[in-house]
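All figures in this text were calculated on a predicted structure; none of them were measured in a lab.
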Amino acid sequence: MSPTSETKIKNIDHLGIVAGLIDEIGIVEIINSKLGIDVREKISSGILVKAILLNGLGFVSRPLYLFRQFFDDKGIEILLGEDVETDCINDDKIGRVMDKLYKYGLNNLFIEIGLSVIKKFKIDTKYSHLDATSFHLHGEYKREENQEKETEISEITKERPIIITKGYSRDHRPDLKQCVLDLITSSDGDIPLLMRAGDGNEADKAVFGQILAEFKKQIVFDSIMVCDSALYSQENLKLIEHLKWISRVPMTIKKAQDLVQSVEIEEINLEEIERRAVLNLEGYKWKSEIVSYAGIKQTWLIVESQKRKDSDLDKLDKKLKKEKEQVEKLLKELTKENFETPEQARYKLKVINKKLKLFEIKEVKLIDSKTKDNKTIYKISGVGNEKPEEIEIQIKSAGRFILATNLVDDEKLEPSEIIKNYKNQQSCERGFRFLKDPLFFADSFFVENPERIETMLFLMSLCLLVYNLGQRELRNSLKRIKIGIKNQLGKLTLSPTLRWVFQCFQGIHLLILNGVNQIINLTSERHFILNCLPSSCQKYYLLS
């Protein structure tokens, strides 16, 4: 036997970090305790879910039907256990486990894992964020087209599968059917606390109130919920009247329009400008108003962003220029047109003015003349003028929006805290960008069964939880010891992305020589990073 015949080299790369984070959270144990363990099975449901998460965070864009091949060159005995073989990971097993997950209840299971993470890692849950996105799908889904849509959503855990259908597409693919994913994340580390799959044509405004109300029944902590204007309706506010919330006020509300257009926001002094810059609120001004809406006493914060104001004024200039060109064109067409009566000519002028927003065409002259067959015809000429009142309103409201909260009187929040936490609404958006990255699972699905699609969303959300928790723990460790690691530009940073760290761990291999395991290419820098991550990550690189 040659020496090389007892030598094997397998890839570990960054997957040891992922496996360690999964262990630290306790995902395998939680899933096995909920779904049970069959002694006849070669691989438990928890271990298979771990394998799916490793695949999902492998950043190789392999769909599930290439799942088994993903592990062909990986150190599976280190990552999943010595008893696990690649033959155990097959389509049938994946399908059975996905069905068991769905039957148990995806939303409840996700909340249980999330609550475990909150307790173990001391996640700050003072603020939580709710948002939704859509994923387009390929396939007919004819069975779902005939399914009757329920008009009421009484609880988060639905008794029926989601309906795959066309709806408002955030992916700009209105030609394809889709499903919706709702996420609630913490402001501390963007940790997902709840995931929920919804019908493809589901409207945020119709379900956000129910989602928050049901979420509140299942959690053991008191959190201020932050949401965009989809939450703000009379029906939703009454539904969540016992919750604490911050929401953006839609400009379709007359009272909001009036305030934005009329309120005077005082200029601030240099000292206050500097204080706001420290709070990362440079260029923001605001004024508070106590308002009653939907029978609920609220603080409305009229906010003016200088950056957004500059953008809005620039857009207004472009609108003025465009509408002026439109008016000049309409005037030329108007002077060429013949009318049978003066009333007809003036009615046409009135119709034109209704279509204009920033300009108005005023009548200058009405001329009558005779045609060859001795009929009287009328021509009208006019001049286009700007509407100074309308333009002034748009200038006044430029850069302004309103944030509302039901935290008033004794629980009153500082305006700076309201704005900062609304800005953190990007917490969900960052998660959606991660899930839709082409290097992740995919931004569209090919699974044919709606129940499996919901389970895919559950597994993808679990990947997001693992990723964001790892990133949070790494950043917190670096800030605690005040030592940074190099970023893509070679500069030290205390806030690296975990994706960059994953890239830094490419090329780490498991060497099996005469039955002895060794890790090669583990540099001092990689060693330092592992020491900043939970201890479970280190064992996969044979450091503990």
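Using the six-membered ring where Trp is involved, Tyr422 and Phe401 have ring planes that are tilted, between 30° and 60° apart.
Of the inter-residue distances, the one linking Met460 atom CE with Leu464 atom CG reads 9.5 Å to the nearest 0.5 angstrom. Atom CZ in Phe221 sits 10.5 Å away from atom CG in Asp124 (nearest 0.5 Å). Note that the CD atom of Gln218 and the CD1 atom of Ile111 stand 4.0 Å from one another [nearest 0.5 Å]. With rounding to the nearest 0.5 angstrom, the CG atom of Asn406 is 8.0 Å from the CD atom of Glu411. With values rounded to the nearest 0.5 angstrom, Glu390 atom CD is found 7.5 Å from Gln261 atom CD.
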* Residues Asp314, Lys318; criterion salt bridge (Lys or Arg N to Asp or Glu O under 4.0 Å); working and verdict -> CA-CA 6 Å; Asp314 184 53; Lys318 291 177 181 176; 3.6 Å; yes
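In this structure, Ile184 and Phe215 have side chains that are in contact, with non-hydrogen atoms separated by less than 4.5 Å. A 4.5 Å side-chain heavy-atom check between Ile361 and Leu331 finds at least one atom pair inside the cut-off.
Here Lys420 does not pair with Glu417 in a salt bridge; the nearest charged N to carboxylate O distance is not below 4.0 Å.
Between the side chains of Asp373 and Thr371, at least one donor N or O sits under 3.5 Å from an acceptor N or O. Under the 3.5 Å distance criterion, with hydrogens and angles disregarded, a donor-acceptor pair is assigned to the side chains of Thr376 and Lys370.
No cation-pi contact links Lys324 to Phe359, judged by a cut-off of 6.0 Å to the six-membered ring centre and 45° from its axis.
Counting heavy atoms of neighbouring residues, nucleotides and ligands inside a 6.0 Å radius, atom CD of Glu267 does not exceed 12 of them.
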